[in-house]
Amino acid sequence: MKPTYEPQDIESRWYPAWEQSGAFRPEINPDGEPFTIVIPPPNVTGVLHMGHAINMSMQDAIIRRKRMQGYRALWLPGMDHAGIATQNVVERELAKEGISRHDLGREKFVEQVWQWKESSGRKIANQIRAMGFSCDWSRERFTLDEGLSRAVREVFVTLYEEGLIYRGNRIINWCPRCHTAISDIEVEHEEESGTLTHIRYPFSDGDGYIEVATTRPETMLGDTGVAVHPDDERYAEVVGRTVRLPLMERDIPVVADDAVAMDFGTGAVKVTPAHDPLDFEIAERQGLEPVQVIDTEAKITAAGGRFAGMDRYHARSEVVAALREDGVLGNIEEHVHSVGHCSRCKTVIEPMLSLQWFVRVQPLVGPAIAAVRDGESRFVPPRWENNYFHWMENLRDWTISRQLWWGHRIPAWYCDTCEDVIVSRVDVASCPSCGGEVYGDEDVLDTWFSSALWPFSTLGWPDETDDLATYYPTNVLVTGYDIIYFWVARMLKMGIHFTDQAPFAAIPIHGLVRAEDGRKMSKSLGNSVDPLELVENYGADPLRLTLLQAAAQGQDVPFSEEWVDASRRFGNKLWNALRFAVEHVTIGAVPADGGYPQDPAPAEQWILSRLSTVAATYDGLLEEYKFSDAVALIYNFAWSEVFDWYLEMAKAPLRNEARAAATKATLGVVLRDLLKLLHPLIPFVTEELWSELVGEGMLITAAWPQPPAYPIPPGVETLQELIVGLRRFRAEHNLGAKRLPLLIDDPQHLVADWWPAQLEALARVEPTLEAPATTTGHARIGAGPVQAFIPLAGLIDPEAECPRLRKAIADTEALLAAAHAKLHNSKFMERAPAEVVAKEQNKAADFTATLERLHSQLEQLGC
RNA sequence: GGGCGUUUAGCUCAGUCUGGUUAGAGCGCUUCCCUUACAAGGAAGAGGCCGGCGGUUCGAAUCCGUCAACGCCCACCA
């Protein structure tokens, strides 16, 4: 074995071995109960980021443990075509060569995107391998592959037939840069300071005016009415009259509508039905016609008169200037309001009347809410349920058509002759009603439409495949809170509607990985960290351990490279512990499972008892997805108890011929189980060390350890306390590495024959089993039942020792006083549980004993 | 306008759901030790009125109320 842990050396080796062994396939445990995770498919847009790394580290920890527990564990991998995101990326690439997608035409462009997908997808798959994630690649899926496309079409047509998908002219969010409609949740609202412009609309009969206020004066070109609240007395007289729309010289009515807020602005609203959702609703109720004055480029249309062709912002200033010139401009106030931006490109969204396809979501919501309320699906931690409920209850219809080229074509055809709309599972060549010519819908579906089907479409649905029957519904869905609305909620809705079962049972939610400055990692801020770079510099295992350690439930994860370095040092420590072990334990001597000693010696029994306790607690924490707690537990157990204590205590018996064999057996079993427990977190290094220690088979297929419970043996903890006391004594008196004599008074005969060797090795003392003739001039070590003394002559300076003792006495007195206060409190004695009272009594006794000892030391020093 | 999260050691964070040893970890800091697994290590330490105030309780970092600061999400008052 190399003297140092070099992750890069070993990590490249194991993945192919695992994959070829079939260990990633659930069939490796053919008799086990199925356990399924479907991966949140990464976008083929680019490369994996830290969010993926934490997400998949959690999934791999789950699936590897379940596999070791004998489940037929499936982790199904795949990727998402990410319609708008990927199309944008490829368009940007083309733009570098001065080419637009229109230059290429649809077919050639889509070919280009497929090429991008192939190379990007390969990169991502290799990244997943480099991180050691144990997905079953034989079942890899892509949202645009043939099977999933069939599922998408089946779902679309079924929902259409059920009346849950419809085509309609409604106000949608239009991105003038991406040139497509997007759904409500793809719009990011930001507070911006703008203006509230007041405009006076004169009555058509020339008698006065009504003043409206707007944040978007340019939309007045498309006004077809003015609305006031029906209860607004200020305007009671004017409802039903008409005003003359300035600049456009068009007569438009004043109407009364409940949707108007009396206390905002002037209480009178200009109504632009084609460019505002609220105005559109008012117009529908009041019978006002929409006039589209802004086009898909965000420029003024021909309907905008002399402003036609101007960009919306240019038009804004021109319209205001013209209004001023005409003397109808009122005040312009500063006004902070929220403005919608495209989540992909940050362009300001243009609300626009447009013919699009929609999902009527309300009928799908009820069962999806019930599944979470009734516990069929469970958010972990549960606080996300409230967000989920609130969001689901206020859902509006989902705009699913996109004016893009990359994605699932909408399976609709339109007849030129009879204007029929045909939605079909199979391609349509001619109109079934009139035989006339048809043309297919040009648009594609929102990428989240196919993602919503992911848990069952990947398993073969709509066919009744074996995989679907075996692995659906899935057990766990691990995801970040940022896509609960985009994805989790929609999977629940679609999954339940089409399979009558919630698609997953548990939904562990993790936070976002943040940069060291606490901000979200992003390329544009230049503060993002590439996980692959970290794998190269520190190794995949250290990165995984770091992310899991930081992944407290649902909280964001601030990331620092220092943490990865600390994890790498843990790997190094583990490496060296095993290096020590294999010097004594020969390969093949440690069984892959079982082999727990029947009648261990005290030190061995102690570490075995700790192992069984820790293993059980650790297992429970992982079962509850408490990765951060689980890592802390196993990390501290390994380092402080196994490495710092047990390995050191094993050294003496290993040199003792009579005791070596038993020690080796325990050493092997404990380290073997430690490797097993750590394997779901850090698979590479544990597999490598397994091959050195056990040598037979691969760890990935080993059984999860369940060590039997051992009682804590008497004496070991007493010895440890004595050793700690001696070390403290040495440190406090700056005694260096000097060997010290130690006199032990053992009236209770607690000291076992193996103590002297341990004391010599771990405390650098020469113990003698005899009480000192007088304790004067000796320091009493520890407070336990075994009394140990160090002769002080020539060792220490009383001048330095006395103040230290006095401080220790003061500290202990304070603690004792606190304990006594409780014990003398009759209410505490009455109401606290007996075990708490007993603890407090023990504390008081300990403090009293310590005080006695300290006082006697003080006397002996003569200060 | 609603809702949520955070506030604990010099720094970055656990612990709070389920109240009970002397509140933990990593990094940093101090002292000692090159002991044959590991100096990328070992040993021993220093450092905290657990954001403020009030309450419940025998007992509060933990439960309740309130205030403050920071952050996030949602929302059709133009």
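Quick note: numbers below take in every heavy atom, side chains included, and nothing from hydrogens, waters or symmetry partners. Just so it is clear: chains get the letters A, B, ... in the order the sequence lines come, proteins before strands, and each one is counted from 1.
Between B/rU6 and B/rA61, the two C1' atoms lie 14 Å apart (nearest whole Å). Spacing between B/rG10 and B/rA46 at atom C1', rounded to whole Å, works out to 12 Å. Nucleotides B/rG2 and B/rU8, compared at atom C1', are 30 Å apart to the nearest Å. B/rA68 and B/rG52: their P atoms are spaced 16 Å apart (whole Å). Taking atom P on both nucleotides, B/rU18 is separated from B/rG5 by 15 Å, rounded to a whole Å. Of the C1' atoms belonging to B/rU57 and B/rA44, the separation is 39 Å, rounded to the nearest Å. B/rC27 and B/rA9 have their C1' atoms separated by 12 Å, with the value rounded to a whole Å.
Counting non-hydrogen atoms under 4.0 angstrom, A/Glu583 reaches the backbone sugars and phosphates but no base. Here A/Val260 lies in heavy-atom contact (under 4.0 Å) with a base.
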**Request:** Show your reasoning for whether side chain to side chain contact (heavy atoms under 4.5 Å, CB included) applies to A/Leu671 and A/Leu674.
**Result:** CA-CA 5 Å; A/Leu671 288 177; A/Leu674 183 61; 4.3 Å; yes

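In summary, A/Asp397 and A/Arg170 engage in a salt bridge, as defined by a charged side-chain N under 4.0 Å from a carboxylate O. Ion pairing between a basic and an acidic side chain is recognised when a charged N comes within 4.0 Å of a carboxylate O; A/Arg312 and A/Glu218 show no such pairing.
Taking a pair to require two hydrogen-bonding distances under 3.5 Å in either a Watson-Crick or a G-U wobble arrangement, B/rG28 remains unpaired.
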